[in-house]
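Here's the structure, in structure tokens; my notes come after.
Note on naming: letters A, B, ... go to the chains in the order of the sequence lines (proteins, then strands), and numbering restarts at 1 for each one.
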Number of protein chains: 2
Amino acid sequence: MKNEKEVFDMNFKNFIPGQSVDCVIIGYDQHELHILVLKWKGLDVWALPGGFVEKNEDLSTAATHILKERTGLNFSYLEQFYTFGDVDRRKKEELEIKLGNSVFFTEERMKWFLQRFISTSYLGLVDMDKCDLKPDLLSDLCVWKPLKEMPILIFDHNEMVQKAVSHIKVQVNYLPIGISLLPKKFTMKSFQLLYEAILNKSLDRGNFQRKMLKLGILNRLEKQLTGAANKAPYLYSFNKEKYKELLDKGIGFIN
Amino acid sequence: MKNEKEVFDMNFKNFIPGQSVDCVIIGYDQHELHILVLKWKGLDVWALPGGFVEKNEDLSTAATHILKERTGLNFSYLEQFYTFGDVDRRKKEELEIKLGNSVFFTEERMKWFLQRFISTSYLGLVDMDKCDLKPDLLSDLCVWKPLKEMPILIFDHNEMVQKAVSHIKVQVNYLPIGISLLPKKFTMKSFQLLYEAILNKSLDRGNFQRKMLKLGILNRLEKQLTGAANKAPYLYSFNKEKYKELLDKGIGFIN
DNA sequence: ACAAAAGTGTTTATAATACACCCATGA
DNA sequence: TCATGGGTGTATTATAAACACTTTTGT
């Protein structure tokens, strides 16, 4: 287990200088998209999960590695989507003030954090329920925030979130949206609401249902009695083989 | 003008260590896509145009800057598409042998070239006729090669080309294909052949023509008498405003 | 019996596809 | 006048979109 002492033993000699990785991890709950964020220790500073790249590890391995530490999972969908490389993407002065108070930030460590970083961003899609969240050494909170209630994030992290969200919107027919974000069993309604949350528009219930059934990616399971005074919906699971086949061919789920 | 002396004066202290930029520049001629490549001085080594990033320049500025030097142009379409960050993407041993013979590669320079580099790749689309090609300091040739006759490129550069080409295929409806790759005046036939080259499949002539005309992105100009024993085709130019408007909305050119 | 939401059906509009037809051109 | 390729027309099919009808559930 990591502890306070480890934080103070932390050093950066095994990392590539100037290169970082940040992750926009998207989950879905209560009909809303959520983003995984961290709060820095003792500060009102929010940031995306991220880290540095070890000298002997691939960029993608670094992302996998960072997310394994934060969520306990190996992500089934994790893909690089953009590299942020502007000179002034980390506002040095702002950062210096924020870090200045902490005992952790010795002069040497300060120097590391104040250098120019080029950050490659990864997009992950995950079933929130499967995650076992743990803050990193510099943070005291690691939580899901609804996309619509995003706090102000440090540096260009809000831009990263925006870019990732518009990415899944554009690429909606080529990404394993349902299979990554929904639990094993789900209703057609929640499947539809997921697409509506991503596309930010309402879809016709009848047409959605017919289209998804016609694609052959769903297994119809038992009915789910909800206790409400209406017809019980079926539960569905994904036919993974068929789903992946369609994704590879790039067949459209939604127009 | 750059000359041999300048090569020997070249040093790397103004560059960010470990970070490079490579460019997949796509042109279109004789019904085929072409890629801009360089041949290293005195060696049978081919590579994409690329370079390093100055300490005080943005990543995108570095790409713009590199291409200005190679082609004399400021690209109207130039976009980052992937960052290659595997530990062993540059095969050190191979590189060491290739560079070992050159007088340019002093120990210090060798050390620079043999470090691990993370390379961010940019995709550019350009009218080949507008380019005024110039090799870089390490190369003696800077030429267009037809995509179907790509030489073996150094490192992972062939992978970069493949990734860029499949990127434009997938993104075909969102990229300024015609306006970037065709000359000012062109025939409907050459416009169609361009899409066929990208999509690698044949399209129906009548339907293509009707669709493009209906989109309202084309201005019909004078007829072009080719000298051939058949009806003379019209020349067209692009209605740039309408074209960009459609691109922004993401309206489909081709299915 | 009623409201509410699920599941399915039907109609209409729009777009994709295939191919046919006529026209201009130079030998 | 013939072959060739360009421009346009049309019939067929497939898909999207809108909405209506029926079924199931608990009160």
Main-chain N/O of A:P135 paired with A:S139 side-chain donor or acceptor, under 3.5 Å: no

How does protein reach along nucleotides 18-27 of chain D, written 5' to 3' as B (base within reach of a heavy atom under 4.0 Å), S (only sugar-phosphate), or - (no contact)? BB---BBBB-

Give me each pair satisfying salt bridge (Lys or Arg N to Asp or Glu O under 4.0 Å) with a member in residues 203-224 of chain B, each pair once, sequence neighbours excluded. B:K185-B:E222

Hey, can you tell me if A:F253 and A:Y195 have their rings parallel, tilted or perpendicular (30° and 60° cut-offs)?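 Rings of A:F253 and A:Y195: parallel, under 30°.
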
Give the first and the last nucleotide of DNA chain C, reading 5' to 3', that has any atom under 4.0 Å from a heavy atom of chain A.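 Terminal contacting nucleotides, 5' to 3': C:dA3 to C:dT10.
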
Between [X] and [Y], is the ring centre distance below 6.0 Å?
X	Y	result
B:F191	B:Y28	no
A:F186	A:F238	yes
A:F84	A:Y82	yes

D:dG6 C1' sits how many Å from B:F208 CZ, rounded?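 My rounded result for the distance is 14 Å.
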
Rounded to whole Å, how long is the line connecting atom CG of B:L213 with atom P of D:dG6? 14 Å

For the atom pair CG (B:L78) and OG (B:S60), what is the distance rounded to the nearest 0.5 Å?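 That separation rounds to 8.5 Å.
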
NE2/B:H167 to CD1/B:I26 distance, rounded to the nearest 0.5 angstrom?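 Reported value, rounded in 0.5 Å steps: 9.5 Å.
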
Judged by nearest nucleotide, the residue sitting upstream toward the 5' end of DNA chain C, A:Q209 or B:K211, is A:Q209

